[in-house]
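Count residues from 1 along the sequence. What you see below is based on every heavy atom in this structure, not just the backbone, and it leaves out hydrogens, waters and symmetry mates.
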Amino acid sequence: MKKIIIYQVFTRLYGNRCQTRKPFGTIEENGCGKLNDFTPSVLKQIREMGVSHVWFTGVIRHATMTDYTKYGIPRQHPAVVKGKAGSPYAITDYYDIDPDLAVNVDKRMEEFEKLVSRTHRAGLKMIIDFVPNHVARQYKSICKPDGVRDLGEDDNTNVGFDPVNNNFYYCPGQQFMPYFELYHGEAEPYTEIPAKATGNDCFHNAPGRNDWYETVKLNYGVDYYAGQNPSSVHSSQFTVHSSDLSPLTPNPSFQTSYPSTWQKMLDILLFWASKGVDAFRCDMAEMVPAAFWEWATARVRQQYPEIRFIGEVYNPGEYRHYIASGFDYLYDKVGMYDAMRDVICHRRNTDAITWAWQQTDDIRDHMLYFLENHDEQRIASDFFAGCGEKAIPALVVNALMQKNPFMLYAGQEWGERGMDEEGFSGLDGRTTIFDYWSFNTRFSPLTPIYNKVLNIAQSEKAVSEGQMFDVLYANSQYFRQYAFLRKAGKEILLVVANFDDVQLDMQLMLPDHAFNYLEIQEKAYEAEDLMTGKKTSLVLLRDQSLSVSLPARGAVVFKMKS
């Protein structure tokens, strides 16, 4: 089984070659990448980098200030859109493809379907976002299949909460009154009466600057008004008998029901699975009850057994709950990402890495490691490390330490800095997800290093299948170095990473327990450093030191055979 390496691409940005890069620029001024930019040759290059899955971020139609009304697409009021291009997490139609990404807008779904085919022909699997917690304030599906009722179409807006029939939460009798003025250059203001609850669990009519004011919260049967939380919701509570239903309830003849939102979101998952999507990256999954995930993932897998679910869950206390509910992989943000960032920046010693993996050791194969994504600051930004090369040892450790997936964000392998003030996205060390923009670099000395490490992760059986033994505890005198062994069958890897800014000749102690645990023989081995191709002889002895020369901010990956 190959190790999963996920390459996240921000689709509208990746293929855009326009270098105007005007702050607050329109699509005509700054350009926009297209689905068709992912040609067979581009996908082949991605595959040859060692990637197994591509996460195409932002392909479903979302709120934008660009006017597509001539194509029959409803226009969004700019007061409730963030940035000229808009956030890909403010979905306006779950059944549609974002028109920005199409060469022929009228054939945008056909262009997506062809991208699915090209991706698979390149030997890659496709991931797209599933955004279950919230939608754009002006959500309206024009592409939903026949017989599908739109979100909110049957809601009773006179009540704040209905556990089964309403898709949204409401503030009855109150107008939407955010912190900003509602004209935003338009002749008429944006109006919303009654106000809907905002996506980040803001259950009043006046979201602030830091709220997700462009979105509305979806109702999965959690009564937030009564202080209920998502973990207290169970599918068994949604058995409803017709005698309990209001005469106003749609289809009052049915005997049992789950919340309307559950079925509508399941239909959306099945729709995209039918297009050949291999996995869903589920946005803010922990804001949706685990009971829904257990119910929905089981039903999707009845029809598509190989489908995978990746969850954005930040509360470590909920990890095991969501894995049990059907998730294959969860972000390891609060543990491994935060620890590794601090190690890179010399705010914590390398024993923080040991601590991080130990916290999730029982679920280690389910944890997704990463050093960048669209939410996080770029490594090379002034807000993080200031230089992409400083994270090379972290890349080696995260990609090679466990069997679990590793993810990188397009531009990371070029040392993209994210130090642009693109428009709605200010100077924050992140690559904008709100504006029309482009990269100003496509290759750097980092690129071949990423290719090397990711291909080691993909090709070495000791990485994808082997056991790991962390030897740092026997080398506690080293604060900025990290070392571990991997072994599968007769193949052994010794990985030693140096997070220091100077080269070092390390005296690495290999403890007796490592030999017993991995069944390693004491002897002299012919070893090849997979990072450089150089061959050497290593003598592995119990509780004896091994001299290892480490480059500054680099690593060695010695491969041996017993």
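At a threshold of 4.0 Å, the pair D362-R320 counts as salt-bridged, since one of the basic side-chain nitrogens sits closer than that to a carboxylate oxygen. Salt bridge R149/E153: present, at least one basic N to carboxylate O contact under 4.0 Å. Salt-bridge formation is not detected for the pair K403/E465: no Lys NZ or Arg NE/NH1/NH2 atom is positioned less than 4.0 Å from an Asp or Glu carboxylate oxygen. Salt-bridge formation is not detected for the pair D98/R12: no Lys NZ or Arg NE/NH1/NH2 atom is positioned less than 4.0 Å from an Asp or Glu carboxylate oxygen. K217 has a carboxylate O that lies under 4.0 Å from a charged side-chain N of D201, or vice versa, which qualifies the two as a salt bridge. Between D420 and R21 there is a salt bridge, since a side-chain N of the basic residue sits under 4.0 Å from a carboxylate O of the acidic one.
For the pair R378 and F384, the cation does not sit on the ring face, since its NZ or CZ is not both under 6.0 Å from the ring centre and inside 45° of the axis. A cation-pi contact, defined as under 6.0 Å to the ring centre and within 45° of the axis, links R442 to Y14.
When only modelled atom types and interatomic distance are considered, N200 and H134 share no side-chain donor-acceptor pair under 3.5 Å. The closest side-chain donor-acceptor pair between T57 and Q8 falls under 3.5 angstrom. Judged by distance alone, the side chains of Y436 and N16 never bring a donor and an acceptor atom under 3.5 Å apart. In this model, a donor atom of one side chain and an acceptor atom of the other lie less than 3.5 Å apart for S260 and N167. Judged by distance alone, the side chains of N398 and Y337 never bring a donor and an acceptor atom under 3.5 Å apart. Looking only at atom types and distance, the side chain of Y190 has a donor-acceptor partner in the side chain of E192 under 3.5 Å away. Side-chain contact of T261 with N219: a donor-acceptor pair under 3.5 Å is absent, judged by distance alone. Side chains of W55 and D129: a donor-acceptor N/O pair is present below 3.5 angstrom, by distance only.
Atom NZ of K84 sits in a sparse spot, with 12 or fewer heavy atoms from other residues, nucleotides or ligands closer than 6.0 Å. More than 12 heavy-atom neighbours from other residues, nucleotides or ligands sit within 6.0 angstrom of NZ on K34. For K22, the NZ atom is loosely surrounded, since the number of other residues' heavy atoms within 6.0 Å does not exceed 12.
Rounding to the nearest 0.5 Å gives a distance of 9.5 Å between CH2 of W437 and OG of S425. Atom CG of N30 sits about 6.0 Å away from atom SG of C18, to the nearest 0.5 Å.
Residues that satisfy the side chain to side chain donor-acceptor pair (under 3.5 Å) test with W272, not counting sequence neighbours, are absent from this structure. The salt bridge (Lys or Arg N to Asp or Glu O under 4.0 Å) check on R430 picks up D428, with sequence neighbours excluded.
For an aromatic pair to be called close, the ring centres must be under 6.0 Å apart, and W295 with Y258 satisfies this. Aromatic pair Y94/H62: ring centres not closer than 6.0 Å.
For the pair W212 and N133, the minimum side-chain heavy-atom distance is below 4.5 Å. The shortest distance between side-chain heavy atoms of H321 and W293 does not fall below 4.5 Å.
Of the listed residues (Q412, R47, H53, E413), just one forms a side chain to side chain donor-acceptor pair (under 3.5 Å) with Y7, and that residue is E413.
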